[in-house]
Amino acid sequence: MLDPKLLRNDLDKVITNLARRGFDFPAKEYKALELSRKKLQVRAEDLRADRNAQSKVIGKAKAAGEDIAPLLQNAEKLGVDLDSVDTELNQLQVELNTLLMEAPNLLDESVPDGKDETCNQEERRWGDIVDLNFNALDHVDLAEALNMLDSAKATKISGARFTVLYKDLARLQRALIQFMLDLHTTEHGYTEVYVPYIVNANSLFGTGQLPKFADDLFALKGEQDFYLIPTAEVPVTNLFQDSILDSDSMPQSFVAHTPCFRSEAGSYGKDTRGLIRQHQFEKVELVHVVKPEDSWATLELLVTHAESVLKQLELPYRVVTLCSGDTGFGAAKTYDLEVWLPSQKAYREISSCSNFLDFQARRMQARWRNKSSGKNEHVHTLNGSGVAAGRALVAILENGQQSDGSIALPSILHQYMGGQETIPAK
RNA sequence: GGAGAAGUGGCUGAGUGGUCGAAAGCGCUCCCCUGCUAAGGGAGUAAGGGUCAAAAGCCCUUCGAGGGUUCGAAUCCCUCCUUCUCCGCCA
């Protein structure tokens, strides 16, 4: 959520900034609502103050045994007035709040302008792209030839965009997850955490998926307020909802492995083949909660943590800064890691690392006690994939494929595969 | 799933219709006293919001959540949630 004070004091700045995303902030509507809100709120509070004062007088009069009937009449009228003002005010506040909750975060100045992903800015590349001198297959052909992937079965038992993995491929995914968790806990200092895969709407408001992106979520049917998580970011960041951290207990960083569930509404026809875009996929997620002054340095650090996964997996990748039009709703700035896929002869997103500043913290009331100012201030939150396991699986298959149809596994994973160095050809 | 009990500030805990945003204690902060330590004395110490350029001040809201009764609710009524105990079931 944007800072309401900023909206009141420097609305133009907000309008200009959000326009870079292609977001048209409804300034006129906002101004009108805000003006009425101010009037009504002041009036409501005045009435309430009057009523409180009246009630005290009644209390005293009653205690003194005086006749309170005339006083009651007056107080009753105040109550009626207050009711009607309250009703109007509540409705206004719902409208204002919706407007605020639907506005994206301000972009950092360093974010390049651009309409879509074609304008993203490449920062650096790592790794050698191996020119496969045989007829390279994509991961689906490779895995099916090995009898380790079955989309048809998954479609039968669930539907499109699900998959069934068998044998070495299933184990390889598990190995990847273990490796990533170990790397981040032992080398990067993250605290491992296990969290629920089902969350309530409030948590999704906190991290910004709701109210705007309900269509991207799987909601459990029935009256209950339950959603499948689209990313571990939701439960992990919400560990801090409605809490005040001691400045000594910061920064905090967590790593969690969870499945992620996304409806992929609006992506019909995109990446329909294989594991790239599934309703259910595995991901290892990194989350930071830091003091405001540290968040930009933490973003750079976070990216290197995600990069180190790809380096150790010996997968060529590049880092891009998302342009203004491609940066997600809550992020002030995002770096994507894109891994090389030989079958597509392209880099594809495998990790996304973002600084949310106080945008999520304000929504979920996550604060810390600033010793020097003595005030409670919002924390800054960041998160990044470290990395998406499903896509890492794709990258390992495609980059490790040999001319005989076997898959050479990155050496770091051998220990997690019981010493196995390849997935042999069938 | 059944039966019972309970949810109050950082913590413990008092408070059953009106000067209660809430006694007391602990903790914490500052000050004083003290040769050191121990102990003692005093003051302060919830959050969110509005008004204001800002501060001060003033005001509003919040005693698990949401509704209701009332001039007035921590206190009475209803619904829900959570926790604890016992029983049942269960990975």
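Each chain gets a letter, A, B and so on, in the order the sequences are listed, and its residues count up from 1. Keep in mind that what you see is a predicted model, and the values were worked out from it rather than measured.
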Task: All pairs passing salt bridge (charged side-chain N to carboxylate O under 4.0 Å, His left out) where residues 192-217 of chain A contributes a residue, at least two apart - done: none
TODO: Using the P atoms only, state how far rC32(B) lies from rG21(B), rounded to an integer number of Å.
DONE: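 It comes out at 35 Å once rounded to the nearest Å.
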Task: Whole-Å C1' distance, rG64(B) and rU8(B) - done: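 Their C1' atoms lie roughly 10 Å apart.
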- [ ] Let me have a per-nucleotide readout for nucleotides 55-64 of chain B, 5' to 3', with B, S or -, counting only protein heavy atoms under 4.0 Å.
- [x] ----BSS---
What's [X] touching, base or sugar-phosphate or nothing? Going by heavy atoms closer than 4.0 Å.
{"X": "N376(A)", "value": "sugar-phosphate"}
{"X": "R367(A)", "value": "sugar-phosphate"}
{"X": "Q54(A)", "value": "nothing"}

- [ ] Give RNA chain B the dot-bracket treatment, 5' to 3': Watson-Crick (N1-N3 with N6-O4 or O6-N4) or G-U (N1-O2, O6-N3) under 3.5 Å, [ ] crossing, | other strand.
- [x] ((((((((.[[[..)..(.....]]]((((((.......))))))((((((.....)))))).[[[[[..)....]]]]])))))))....
Open item on the list: Quick check: on RNA chain B, is the nucleotide nearest E76(A) upstream (toward 5') of the one nearest V42(A), or the reverse? Name the residue that is more 5'.
Closed with: V42(A)
Task: Base of rG18(B) paired with side chain of K56(A) (donor-acceptor, under 3.5 Å) - done: no
Task: Partners meeting ring pair (Phe, Tyr, Trp, His ring centres under 6.0 Å) with Y166(A) (sequence neighbours left out) - done: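 In terms of ring pair (Phe, Tyr, Trp, His ring centres under 6.0 Å), with neighbours along the sequence ignored, Y166(A) is linked to no residue.
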Open item on the list: Please list, in numerical order, the residues of residues 68-75 of chain A that have a heavy atom closer than 4.0 Å to any atom of RNA chain B.
Closed with: L72(A), A75(A)
Task: Whole-Å distance separating the NZ atom of K77(A) from the P atom of rU70(B) - done: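 Checked: the NZ to P distance equals 18 Å.
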Show me, pair by pair, the donor-acceptor contacts under 3.5 angstrom made by side chains of residues 97-108 of chain A, not counting sequence neighbours?
| residue | atom | partner | partner atom | Å |
| --- | --- | --- | --- | --- |
| T98(A) | OG1 | V94(A) | O | 2.7 |
| N105(A) | ND2 | G330(A) | O | 3.0 |
| N105(A) | ND2 | F356(A) | O | 3.2 |
| D108(A) | OD2 | S110(A) | N | 3.2 |
| D108(A) | OD2 | S110(A) | OG | 2.6 |

